[in-house]
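Here the structure is laid out as structure tokens; the discussion comes afterwards.
First the proteins, then the strands, lettered A, B, ... as listed; each starts at 1. Only this structure's heavy atoms are used, side chains among them; waters, hydrogens and symmetry mates stay out.
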2 protein chains.
Amino acid sequence: MNKKVTLTVQALQRMPYYLQYLRKAKEQGIESVSSTSIAKDLKLNDVLVRKDLAAISTTQGKPKSGFAVNELIDNIEDYLGYNNTMDAVLVGVGSLGRALLGNDEFEKYGLNIVAAFDTDESIVNQIISGKQVFPLKRLKGLVKRMHINIGIIAVPGEFAQDVADLLVGSGIKAIWNFSLVKLKVPDHVLVQDENLAASLAKLSLHLRDEMEKN
Amino acid sequence: MNKKVTLTVQALQRMPYYLQYLRKAKEQGIESVSSTSIAKDLKLNDVLVRKDLAAISTTQGKPKSGFAVNELIDNIEDYLGYNNTMDAVLVGVGSLGRALLGNDEFEKYGLNIVAAFDTDESIVNQIISGKQVFPLKRLKGLVKRMHINIGIIAVPGEFAQDVADLLVGSGIKAIWNFSLVKLKVPDHVLVQDENLAASLAKLSLHLRDEMEKN
DNA sequence: ACCATATCGATAGTGAGATATCGATATATC
DNA sequence: GATATATCGATATCTCACTATCGATATGGT
């Protein structure tokens, strides 16, 4: 059973970093870590780390030694649901879609892409990275039959809303959206936007600032 | 010339959405838009939109009509540097790396990947999506000669810091980091972390919450 | 030409998240 | 076994992004 805690969005986003850090520590045979040292290595405030860990940890940290690595790892994995996998379908087998299909890291994070969909005749029925590509018209049936909860949108912006509507109509509960379009969906459906353009914008601005210094 | 304004990080991240929205409006022949309507469609607060646009716009918005679409597009593109391209190198030609190489969208955002690097002998010297893959040892020479400013890290976590060190040593000014490792770099180097695991965490939690309702 | 109203910019208020501080406590050292 | 100290949890404070409100103004409709 999971503890009934509600982390802030930001805290939640830090969890994968903690997990990565803890796993690495475990590999090195370290059995307990302090929030201070985590904070230093991850460039965070130590109180912040302590609050984050306190929120998901079943046991308290001990003065002088800190938190038990193994337990923390279990707690975080449990909280993030890395143990019970989520099934997903992917729509749009372009360059980005192929990458997502081929990314074996996702399984570690509890995501399992069971099938892909596209309208392009030349791609349909192929098997890419071990996943079959189906024609889009078969999406609804498949999603309903297999009780899939997550849809990944990797199509060009102009088709994103249509695909979203289709996914929602098929009973999907969450959408991972790689297009730049703000999707209109019912309240109970979560849209997680992945905004690569925003990252590029930050890079661009930093470079401009650096240039202007010289 | 760019205006000397400093947007907050969050505002900066919204810019690509505004841009996408405005381009679509332009396609439909719309000449002016109000911050109210943008806010409604993008699910943002109208005052927020107004502040964002005021920060980058050269002209003011007019009551009853709003902002001139064409001008706003120019302003945002100018601000985000979509017009003068940034050259980048990519390190790590795994599934993710291939995807990034193949993503033709990046060019629209001003990013141009000029070369890729990997240590895997079987990949080196191949041409993938029109970009040549070089052995990692040649990175420093190439980056220095071509004055590349951006490095993209798409290698497994355990090698990420080493690659970062190499990039920094080659004179790179910004790193786009797709690994989950918090990189240690000098102050003048910007690290932009792309945290897909965090997105998955959000999806996972939302699903769990939805399940518990029933 | 006038009026109603949508939109704007500016200022003040709110709230979530991050940080600083403090006393308590367990452990390592002597 | 006593003491010094690193670490913890709790509370208070601060910060900054976002939101709500208000008067001003230009434009479309009558």
Side-chain angles (χ1 to χ4, degrees), chain A residues 3 5-18 21-22 25 30-72 75-76 182 193 195 198 201-202 205, chain B residues 3 5-18 21-22 25 30-72 75-76 182 193 195 198 201-202 205:
Chain A
K3 279 208 303 181
V5 283
T6 316
L7 257 54
T8 63
V9 176
Q10 284 82 345
L12 178 57
Q13 293 185 337
R14 284 188 290 271
M15 288 299 155
Y17 287 113
Y18 295 138
Y21 182 88
L22 290 165
I30 299 168
E31 289 181 356
S32 67
V33 289
S34 69
S35 53
T36 327
S37 58
I38 295 178
K40 208 163 115 190
D41 289 341
L42 261 42
K43 292 172 190 169
L44 298 169
N45 181 283
D46 59 330
V47 180
L48 183 64
V49 173
R50 220 171 290 140
K51 277 211 289 187
D52 286 348
L53 296 184
I56 55 97
S57 177
T58 44
T59 56
Q60 291 195 335
K62 284 180 186 172
K64 201 79 179 181
S65 59
F67 293 84
V69 171
N70 276 322
E71 246 179 85
L72 272 190
N75 288 150
I76 296 178
K182 275 286 170 192
D193 290 310
N195 185 355
K202 281 207 241 176
L205 243 69
Chain B
K3 277 210 303 183
V5 283
T6 316
L7 257 53
T8 62
V9 176
Q10 286 83 341
L12 179 57
Q13 292 185 338
R14 283 188 291 271
M15 288 299 154
Y17 287 111
Y18 294 139
Y21 182 89
L22 291 165
I30 299 169
E31 289 182 356
S32 67
V33 290
S34 69
S35 53
T36 325
S37 57
I38 295 178
K40 207 163 114 189
D41 290 340
L42 261 43
K43 292 173 189 169
L44 297 169
N45 182 284
D46 59 332
V47 180
L48 184 64
V49 173
R50 220 170 291 140
K51 275 211 288 190
D52 286 348
L53 296 184
I56 54 94
S57 176
T58 45
T59 56
Q60 291 195 333
K62 283 180 187 172
K64 202 78 178 182
S65 59
F67 293 85
V69 171
N70 275 323
E71 244 180 88
L72 272 190
N75 288 150
I76 296 179
K182 274 287 169 190
D193 291 309
N195 186 357
K202 281 207 241 175
L205 243 68

Non-hydrogen atoms of [X] and [Y] that approach each other most closely:
X         : Y        : result
Arg50(A)  : Ser35(A) : NE-OG, 3.0 Å
Leu42(A)  : Tyr18(A) : CD2-CD2, 3.7 Å
Ser37(A)  : Ser34(A) : OG-O, 2.9 Å
Lys202(A) : Leu12(B) : CG-CD2, 3.6 Å

Inset, instruction - Could you please name the option among dA20(D), dT19(C), dC8(C) that lies closest to any side-chain atom of Phe67(B)? - result: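 The nucleotide sitting nearest to the side chain is dC8(C).
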
Can you find a side chain N or O atom of [X] that sits less than 4.0 Å from OP1 or OP2 on [N]?
X        : N       : value
Ser35(A) : dA6(D)  : no
Thr8(B)  : dA17(D) : no
Ser34(A) : dA6(D)  : no

Legend entry - Toward the 5' end of DNA chain D, by each residue's nearest nucleotide, Arg50(A) or Leu44(B):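 The 5'-side residue here is Arg50(A).
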
Legend entry - Most 5' of Gln10(A) and Asp46(A) on DNA chain C, judged by nearest nucleotide: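 Its nucleotide being nearer the 5' end, the pick is Gln10(A).
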
Once you round it to whole Å, what is the distance between [atom2] of [N] and [atom1] of [X]?
X        : N       : atom1 : atom2 : answer
Lys51(B) : dT21(D) : NZ    : C1'   : 14 Å
Leu12(A) : dA16(C) : CG    : C1'   : 16 Å
Lys43(A) : dT19(C) : NZ    : P     : 14 Å
Asn45(B) : dT21(D) : CG    : C1'   : 12 Å
Leu48(B) : dA12(C) : CG    : C1'   : 17 Å
Leu42(A) : dA18(C) : CG    : P     : 14 Å
Leu53(B) : dT7(C)  : CG    : C1'   : 13 Å
Gln13(B) : dC16(D) : CD    : P     : 17 Å

Inset, instruction - Report yes or no: does Asp52(B) contribute a side-chain atom to a donor-acceptor pair with the main-chain N or O of Arg14(B) at less than 3.5 Å? - result: no

